[in-house]
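Everything below concerns the one structure shown next.
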Amino acid sequence: MTQIDTKKDIIQFLNLCVEYTNSSLERKSKRLIDLNEEELKLAKIEIEKWEIYKQFTEYTIKELSSGDLDEWIDNLHNPEYIPKPQNTH
């Protein structure tokens, strides 16, 4: 499997995660009307977690698509590789 194929597969998987998250957020939002105050507070926290997960996943897709994570893809099978944040200053 080439790097391009690997990236396509990972991006497709992440797109499926985003689609699932969208469906889940829609279901969770519809349930809010039947909740008491305490349940509503907890449900909103849960929704916020899912929204953050979605944003992170979408950002990862963008990074994969742009090539920013190519080094990670190249090292998927290297147990000694430890990704480090890039200094963008």
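Values in this document were obtained by computation on a predicted structure and should not be read as measured data. Positions are given from 1, in the same order as the sequence printed here.
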* To do: Scan for salt bridge (Lys or Arg N to Asp or Glu O under 4.0 Å) pairs involving residues 19-30, sequence neighbours excluded, and state none if there are none.
  => Glu26-Lys30

* Structure fact -> Smallest heavy-atom separation, Leu14 atom then Thr57 atom, equals O-CG2, 3.6 Å

* **Asn36 (side chain) donor-acceptor with Glu39 (main chain) under 3.5 angstrom** => yes

* **Separation of Cys17 SG from Asn22 CG (nearest 0.5 Å)** => 11.5 Å

* Could you tell me the separation between the CD atom of Glu63 and the CH2 atom of Trp72, rounded to the nearest 0.5 Å? => 7.5 Å

* Say you draw a straight line from CD1 of Ile11 to CG of Leu64; how long is it, rounded to the nearest 0.5 Å? -> 5.0 Å

* Asked: Less than 4.5 Å apart, any side-chain heavy atom of Leu69 and any of Thr60?
  -> yes

* Going hydrophobic residue to hydrophobic residue with side-chain gaps under 4.5 angstrom, can you get from Val18 over to Leu16? -> no

* Asked: Would you call Lys62 and Asp68 a salt bridge, taking side-chain N to carboxylate O under 4.0 Å as the test?
  -> no

* Mind checking who shares a hydrophobic cluster with Ile4, ILVMFWY linked at side-chain heavy-atom distances under 4.5 Å? -> none

* Asked: Can you tell me if Asp5 and Thr2 form a side-chain donor-acceptor pair at under 3.5 Å?
  -> yes

* Asked: For Gln55, which residues count as a side-chain hydrogen bond (donor to acceptor under 3.5 Å, both in side chains) partner, sequence neighbours excluded?
  -> none

* Asked: Taking side chain as C-beta onward, heavy atoms only, is Asp9 less than 4.5 Å from Met1?
  -> yes

* Show your reasoning for whether side chain to side chain contact (heavy atoms under 4.5 Å, CB included) applies to Glu51 and Thr21. => CA-CA 8 Å; Glu51 288 171 342; Thr21 302; over 6 Å; no

* Measure the CD-NZ distance between Gln12 and Lys7 for me, rounded to the nearest 0.5 Å. => 15.0 Å

* Asked: Which atom pair, heavy atoms only, marks the closest approach of Gln3 to Asp74?
  -> NE2-OD1, 2.7 Å

* side chain to side chain contact (heavy atoms under 4.5 Å, CB included) between Leu42 and Glu46, intermediate numbers included -> CA-CA 6 Å; Leu42 294 173; Glu46 186 67 18; over 6 Å; no

* Report, as yes or no, whether the 6.0 Å neighbourhood of atom OH on Tyr81 holds more than 12 heavy atoms from other residues, nucleotides or ligands. => yes

* **Ile10 vs Ile73, side chain to side chain contact (heavy atoms under 4.5 Å, CB included): CA-CA, chis, key distance, verdict** => CA-CA 10 Å; Ile10 294 169; Ile73 300 297; 3.6 Å; yes

* Mark yes or no for whether Ser24, through its side chain, and Tyr20, through its backbone, hold a donor-acceptor pair below 3.5 Å. => no

* To do: Taking all non-hydrogen atoms of both residues into account, name the closest pair between Leu35 and Leu40 and its distance.
  => CB-N, 3.9 Å

* To do: Starting at CH2 of Trp50, measure out to OG of Ser29 and round the result to the nearest 0.5 Å.
  => 12.5 Å

* Asked: Are Leu25 and Leu32 grouped together when hydrophobic residues (ILVMFWY) are joined by side-chain heavy atoms under 4.5 angstrom apart?
  -> yes

* Asked: Roughly how far, to the nearest 0.5 Å, is the CG atom of Asn75 from the CD1 atom of Ile82?
  -> 11.0 Å

* Return yes when atom CG of Leu76 has more than 12 non-hydrogen atoms of other residues, nucleotides or ligands closer than 6.0 Å, and no otherwise. => yes

